[in-house]
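Contents: one structure, followed by commentary.
First listed ligand is number 1; within each ligand, the first listed atom is number 1.
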Amino acid sequence: MAQVAWLMGSDSDLPKLEAGFNTLKELGISVEGRVLSAHRTPEQTREFVQRAEAGGVKVFICAAGMAAHLAGAVAAHSARPVIGIPVASGALNGLDALLSTAQMPPGVPVATVGIDGAVNAAVLAAQIIGTGDANVAKKVIEWRAAQTAKVLEKDARLQQKLKG
Ligand code: RP5
């Protein structure tokens, strides 16, 4: 089993998630991706969660749109950390998914990132895994340093432009 199990409610969510899959790759984290739905495949979702737990998965990432109960359903069946990504889709464009993902009952948390926040979900998963894995923790620090360098480059370009 991979370190991260990344579930999504539909393959139509994938374009919003690809940057997050790339981020996990940059951070050296293995990932298994699956299309599973809290409402449309409830039995298969439960079975997958149990199999993933038994296989040693460290973190679940669950992305879904509309009445997004996938992350909550996974959290109900697992004691591993669950990160929820509300996906912008349908008539309400993500606000429905944000509230459905974040507003869990006490005792069954879902660490919810922003709407379409796939990169943050990947970084948060790496940070969680990094608490018990020094190599991953080092990669997270390097990734953050590269991000800082990119912003400083943008600032330098702006300064050049304003001078010119
Ligand atoms: C949700 O409904 C999915 O996560 C997706 O965001 C949305 C539409 O799904 P499809 O009709 O494209 O399968 O469950």
Side-chain angles (χ1 to χ4, degrees), residues 1-133 136 139-140 143-144 147 150:
M1 183 68 208
Q3 291 159 292
V4 169
W6 193 319
L7 280 55
M8 62 201 80
S10 173
D11 61 350
S12 64
D13 296 325
L14 186 57
K16 300 275 181 65
L17 308 177
E18 271 165 6
F21 276 87
N22 291 338
T23 301
L24 281 184
K25 201 171 179 188
E26 289 162 16
L27 291 167
I29 307 276
S30 59
V31 57
E32 176 170 347
R34 297 294 302 267
V35 173
L36 286 164
S37 162
H39 306 120
R40 295 160 165 170
T41 63
E43 278 311 309
Q44 291 83 349
T45 301
R46 184 182 53 76
E47 283 163 18
F48 176 77
V49 171
Q50 288 171 342
R51 217 170 39 248
E53 274 223 12
V57 71
K58 298 275 190 288
V59 178
F60 289 96
I61 298 177
C62 301
M66 299 165 79
H69 298 134
L70 182 58
V74 169
H77 289 297
S78 178
R80 302 283 155 82
V82 177
I83 301 170
I85 307 172
V87 174
S89 68
L92 298 184
N93 208 25
L95 191 54
D96 43 1
L98 176 63
L99 300 180
S100 307
T101 303
Q103 202 62 33
M104 289 293 292
V108 190
V110 167
T112 306
V113 296
I115 295 171
D116 294 342
V119 171
N120 273 359
V123 174
L124 181 54
Q127 288 171 324
I128 293 168
I129 293 167
T131 60
D133 183 328
V136 173
K139 277 199 180 281
V140 172
W143 192 92
R144 294 279 291 264
Q147 179 178 245
K150 278 184 207 155

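Ligand-side atoms of ligand 1 in range of A64: 4 (O), range being under 4.0 angstrom from any heavy atom.
Panel note: side chain S37, backbone G9; no donor-acceptor pair is recorded below 3.5 Å. Using a distance-only test at 3.5 Å, with no hydrogens or angles considered, a donor-acceptor pair links the side chain of S100 to the main chain of D96.
Protein heavy atom nearest atom 2 (O) of ligand 1, with residue, atom name and distance: M66 SD, 3.5 Å. What sits closest to atom 13 (O) of ligand 1 on the protein, heavy atoms only, is S10 OG, 2.7 Å. Closest to atom 4 (O) of ligand 1, if we only count protein heavy atoms, is D13 OD2, 2.6 Å. For atom 8 (C) of ligand 1, the nearest protein heavy atom (residue, atom name, distance) is S12 OG, 4.0 Å.
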Run Q44 and F48 through side-chain contact (heavy atoms from CB on, under 4.5 Å) and show every step you take. CA-CA 6 Å; Q44 291 83 349; F48 176 77; over 6 Å; no

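A 6.0 Å sphere centred on NZ of K58 holds no more than 12 heavy atoms belonging to other residues, nucleotides or ligands. With a 6.0 Å radius and a threshold of 12 heavy atoms from other residues, nucleotides or ligands, R34 has its CZ atom above the threshold.
With respect to I85, the side chain to side chain contact (heavy atoms under 4.5 Å, CB included) criterion is satisfied by exactly one of L7, I61, D13, N120: I61.
Considering backbone and side-chain N/O atoms, G65 comes within less than 3.5 Å of an N/O atom of ligand 1.
When heavy-atom distances to ligand 1 are checked against a 4.0 Å cut-off, R40 comes that close only through its side chain, counted from C-beta outward.
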